[in-house]
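Sequence lines set the chain letters: A, B, ... in the order given, protein chains first and strands last, and positions in each chain run from 1.
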There are 2 protein chains.
Amino acid sequence: MSTQGSSEKKPPNHAGQPRQSSLAGLREVAVAAHVSTATVSRAINTPHLVSPKLRERIHQAIDQLGWVPDGTARALATKRSYTIGAVFPTLTHGDFARATTAIQQELQARGYTLLLACSDYDLEQEFQQIKKFIERGVDGLILVGENHHPDLDKLLARRSVPIINTFVYSPQTHGTCIGPDNRKLFFDMTRYLIEMGHVVFAIVAQSVQNNDRAEARLQGIQDALAEEGIAVRPQHFAIGQWSISEGRHLFRQVMATQPRPTAVICGNPYLAVGAYLESISMGLEVPQDVSIVGYDDIEVMNHLPVSLTTVRVQSEQVGRNAARYLMARLEDEAIDIPFQCDTEIVIRASSGPPSRKNNPASLSL
Amino acid sequence: MSTQGSSEKKPPNHAGQPRQSSLAGLREVAVAAHVSTATVSRAINTPHLVSPKLRERIHQAIDQLGWVPDGTARALATKRSYTIGAVFPTLTHGDFARATTAIQQELQARGYTLLLACSDYDLEQEFQQIKKFIERGVDGLILVGENHHPDLDKLLARRSVPIINTFVYSPQTHGTCIGPDNRKLFFDMTRYLIEMGHVVFAIVAQSVQNNDRAEARLQGIQDALAEEGIAVRPQHFAIGQWSISEGRHLFRQVMATQPRPTAVICGNPYLAVGAYLESISMGLEVPQDVSIVGYDDIEVMNHLPVSLTTVRVQSEQVGRNAARYLMARLEDEAIDIPFQCDTEIVIRASSGPPSRKNNPASLSL
DNA sequence: CCGCTTTGTGTAAACGGTTACAAATATAAA
DNA sequence: TTTATATTTGTAACCGTTTACACAAAGCGG
């Protein structure tokens with residue numbers, strides 16, 4: 001196996017020439033300030049260990065040379081990259097965009113940098129992205145939901161990268177996730193509608209494929225209804241894409257069935273807006289003819305001719321706390337953040353008691 | 001200066017114990033596969049230089065040990081991080097979110113990772129974030145606009161980090177920016193309104209503070225109007241925040257002035273939606289009483305009772321091309337992308353010729 | 001004035017990969 | 001067979017920081 005044995009100490013470098021200015025950054029600063037590299041390093045990272053005189057000289061050298069430390073080398077030496085990876089299903093939904101912004105702000109404030117990827121609701125892709133992040137040496141990970149690739153745990157265990165699941169909360173997994181209790185959210189919303197007298201409910205929602213949050217919300221609706229002995233009829237259950245036009249389409253579809261629903265619960269704000277706009281096209285009165293409620297509060301909901309009842313989730317709070325939590329863990333600080341985030345049912349004009357005339361199952365559209 | 005001189009070759013490591021499994025990752029794989037570290041490295045990066053037999057053995061060792069290469073170390077050694085930094089003013093506006101998504105997709109497809117920050121339209125903050133990115137060793141940068149911190153060039157020159165400005169295009173700076181020609185965009189839109197017979201124009205827009213794109217668009221309006229000898233009156237010029245409610249407020253404000261505008265050009269989609277929704281509250285007919293046009297196309301604009309005329313910018317295209325451009329430069333590939341991106345004036349129901357009755361400067365609101 | 005701590009600084013070995021160069025081996029040409 | 005050439009593989013020096021350890025100097029109570 002051992003191949004060569006004779007080479008008797010050749011000059012270390014390739015050719016004889018010292019290779020123009022081969023001094024690396026920190027080293028260069030060190031000679032300029034007539035100190036050792038260790039001292040320069042300390043002057044930046046632990047200034048109190050360096051005498052004021054040298055500190056001064058070093059800083060002078062630094063900005064005289066315009067030196068910017070190499071984070072890569074630092075990361076290698078310290079095994080800390082001050083980098084956090086976040087994988088979101090998408091960025092084009094308001095809540096994730098808001099959370100991302102909050103995360104980035106929070107990280108930045110403490111010197112961390114955000115690595116971002118979008119999995120497009122694909123678990124396999126999410127896994128690959130996480131893997132990449134780990135290769136890149138992220139110190140922590142922010143994910144969405146609790147439903148991940150089966151091999152994830154193994155991967156994380158090896159490097160012991162802390163992780164936090166966002167936009168979910170359940171008492172069982174307390175401490176590993178930050179977000180709303182999705183099930184309870186729609187449970188409460190549904191109760192509100194029940195108490196208002198509604199009996200025939202329709203659901204217009206996005207696919208629950210790889211989306212445990214949406215699934216939990218659906219479950220919340222069904223649980224609340226079940227308590228009253230009510231179930232959502234198949235023809236009142238419409239699943240589709242995430243868009244206004246889809247909302248219009250699905251709303252029209254469920255409203256064309258018998259018995260006609262008096263309350264339509266939408267899985268996201270775009271579907272709700274679509275449903276409402278379609279109700280206008282159909283000449284329906286909201287909420288007299290039908291109540292429409294959504295999930296998540298986007299600004300337009302509050303400004304439509306009939307403002308829309310919805311659930312507000314503090315996405316910024318979710319993002320901020322997730323970031324804080326991770327950083328605290330990394331710095332071994334104690335931290336007390338609420339894992340279950342604030343939510344609020346925002347009751348606006350689009351929901352109300354069903355009108356009498358809708359009770360008899362009759363009438364053509 | 002030289003302190004010690006005697007130490008006669010002490011054992012290299014601290015205590016005598018070999019420190020449990022001190023073999024670092026790649027080294028560990030190497031011994032497991034009975035090859036040298038160089039060969040392992042080659043097996044991953046340049047497989048064709050390694051005999052199939054060893055390659056096989058190495059890969060076996062790799063996934064038997066579950067090794068994940070350390071990107072930090074790799075980056076240090078190769079001086080390439082396969083990382084791109086992007087600084088956006090915000091993520092909560094649809095166009096930037098879409099562009100970010102496109103960038104990330106494109107980067108991922110070629111093994112790059114995205115670092116993201118939001119400057120909140122603050123040049124100083126942007127500069128700090130860029131600096132941080134450079135410390136982190138990004139291979140390239142994606143920024144928005146052409147207006148950056150004065151020291152930016154110096155900083156970039158030192159490390160020679162390639163950069164691309166997005167969401168802007170002007171012939172003068174061809175090759176350094178990718179986006180729409182913002183000035184021309186609103187120039188054309190204004191011409192369209194002029195040709196329709198409008199004479200009294202109002203502008204409802206966001207602040208142009210550190211926003212050369214918005215500024216260029218305003219200039220486009222003014223240039224087009226100037227050709228006809230028209231100027232926007234001070235009372236028709238409303239600048240504010242970026243929101244629907246602000247759009248409502250500013251719209252009401254400009255509509256309360258004399259002479260009353262027959263066309264309102266909005267600087268972004270939210271302002272346009274707000275303006276339109278306020279027109280409903282005010283009992284105005286769009287476009288008979290007033291034409292409303294916006295910038296950027298968000299879905300709701302096409303679904304409101306009166307759909308809104310706007311300008312569509314291919315933000316995804318901007319993002320994608322920016323990413324491609326950078327990667328091509330980094331890999332020394334030739335690439336032919338359009339620097340000026342596609343745009344389209346989408347004429348919908350909210351714009352039309354001014355009605356006769358609006359001509360006489362009269363009437364109370 | 002001497003040992004004893006405290007404080008400040010330097011030396012050099014990591015960190016975990018890549019890669020120039022040399023050596024060994026296989027292949028082709030003569 | 002011999003020599004020239006191409007192919008594989010190994011050795012060890014980097015990449016630019018940090019940091020354990022050693023040492024010198026300064027401060028101090030006795």
Side-chain angles (χ1 to χ4, degrees), chain A residues 1-15 19 22-31 33-55 57-58 67-82 135-137 159, chain B residues 1-15 19 22-31 33-55 57-58 67-81 135 137 159:
Chain A
M1 211 45 69
S2 74
T3 17
Q4 70 167 29
S6 62
S7 81
E8 64 208 89
K9 187 67 166 223
K10 60 177 169 307
N13 214 342
H14 330 76
R19 205 217 236 155
S22 83
L23 270 349
L26 181 148
R27 219 103 40 178
E28 197 177 359
V29 172
V31 318
H34 303 293
V35 297
S36 74
T37 59
T39 306
V40 176
S41 177
R42 283 190 283 254
I44 320 165
N45 302 309
T46 48
H48 64 276
L49 291 184
V50 164
S51 70
K53 196 179 56 177
L54 288 196
R55 225 185 303 160
R57 220 159 71 203
I58 290 170
W67 174 61
V68 178
D70 182 326
T72 309
R74 190 205 302 264
L76 178 59
T78 58
K79 310 190 119 319
R80 293 277 272 101
S81 66
Y82 287 91
E135 281 188 31
R136 298 274 192 249
R159 299 276 192 125
Chain B
M1 207 52 63
S2 73
T3 19
Q4 69 166 31
S6 61
S7 81
E8 64 210 89
K9 188 67 167 228
K10 60 181 171 299
N13 215 343
H14 332 73
R19 202 218 238 152
S22 84
L23 270 348
L26 180 147
R27 227 108 25 187
E28 198 177 356
V29 172
V31 319
H34 303 292
V35 297
S36 73
T37 60
T39 305
V40 176
S41 177
R42 282 190 285 253
I44 318 162
N45 302 308
T46 47
H48 65 277
L49 291 183
V50 165
S51 69
K53 196 179 55 180
L54 288 196
R55 228 185 303 160
R57 219 157 73 204
I58 290 170
W67 174 61
V68 178
D70 182 327
T72 308
R74 191 206 302 264
L76 179 59
T78 58
K79 312 193 116 322
R80 294 276 275 102
S81 66
E135 280 189 33
R159 299 277 193 125

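- We find the CD1-CD1 distance between B:Ile44 and B:Ile58 to be 8.0 Å, quoted to the nearest 0.5 Å.
- No hydrogens or angles were tested; on distance alone, nothing pairs the side chain of A:Arg55 with the base of C:dG8 as donor and acceptor under 3.5 Å.
- A distance of 15.5 Å separates NZ in A:Lys79 from CZ in A:Arg74, rounded to the nearest 0.5 Å.
- Both A:Asn45 and B:Val50 lie close to DNA chain D; mapped to their nearest nucleotides by heavy-atom distance, the more 5′-ward contact belongs to B:Val50.
- Among the atoms of the strands shown, none is found under 4.0 Å from any heavy atom of A:Thr72.
- Summary of the strand contacts: A:Val68 and B:Ser36 both lie near DNA chain D, and taking for each the nucleotide with the nearest heavy atom, the more 5' one is attributed to B:Ser36.
- As a whole-Å value, the separation of B:Leu76 CG from C:dT19 P is 12 Å.
- In this structure, the nucleotide among D:dG10, C:dG17, D:dT19 sitting nearest to the side chain of B:Pro69 is C:dG17.
- Between the P atom of C:dC15 and the CD atom of A:Glu135 lies a distance of 20 Å, rounded to the nearest Å.
- Distances shorter than 4.0 Å separate some side-chain N or O of A:Arg74 from OP1 or OP2 on D:dT18.
- In this structure, CZ of A:Arg80 is placed 19 Å from P of D:dT17, rounded to the nearest angstrom.
- A close approach under 4.0 Å does not occur between any side-chain nitrogen or oxygen of A:Lys79 and OP1 or OP2 of D:dT18.
- The side chain to side chain contact (heavy atoms under 4.5 Å, CB included) test with B:Arg57 singles out one residue from B:Thr39, B:Val35, B:Val50, and that residue is B:Val35.
- Among the atoms of the strands shown, base atoms are found under 4.0 Å from some heavy atom of A:Ser41.
- Residue-level contact check: A:Thr39 touches the backbone only, with heavy atoms under 4.0 Å from sugar-phosphate atoms and none from bases.
- At whole-Å resolution of the value, CG in A:Leu26 and P in D:dG16 are 11 Å apart.
- As rounded to whole Å, 16 Å separates atom C1' of C:dG16 from atom CZ of A:Arg136.
- Counting to the nearest Å, the P atom of D:dC15 and the CZ atom of B:Arg159 are 14 Å from each other.
- From B:Trp67, atom CH2 reaches atom CZ of B:Arg27 across 11.0 Å, with rounding to the nearest 0.5 Å.
- Between A:Ser51 and C:dT7 there is no side-chain N or O to OP1 or OP2 distance below 4.0 Å.
- Of the listed nucleotides (C:dT19, C:dG17, C:dT9), C:dT9 has the atom at the smallest distance from the side chain of A:Leu54.
- Atom CG of A:Asp70 is separated from atom P of C:dC15 by 18 Å (rounded to the nearest Å).
- The residue B:Val40 sits apart from the nucleic acid: no heavy atom pair falls under 4.0 Å.
- Of the listed nucleotides (D:dG16, D:dA20, C:dT19), D:dA20 has the atom at the smallest distance from the side chain of A:Arg42.
- Between the CZ atom of A:Arg27 and the C1' atom of D:dT19 there is a distance of 13 Å, rounded to whole Å.
- Two residues, A:Lys53 and A:Thr37, neighbour DNA chain C, and the one matched to the more 5' nucleotide by heavy-atom proximity is A:Lys53.
- Residues A:Arg159 and B:Pro69 come closest through the heavy atom pair NH2-O, 3.6 Å.
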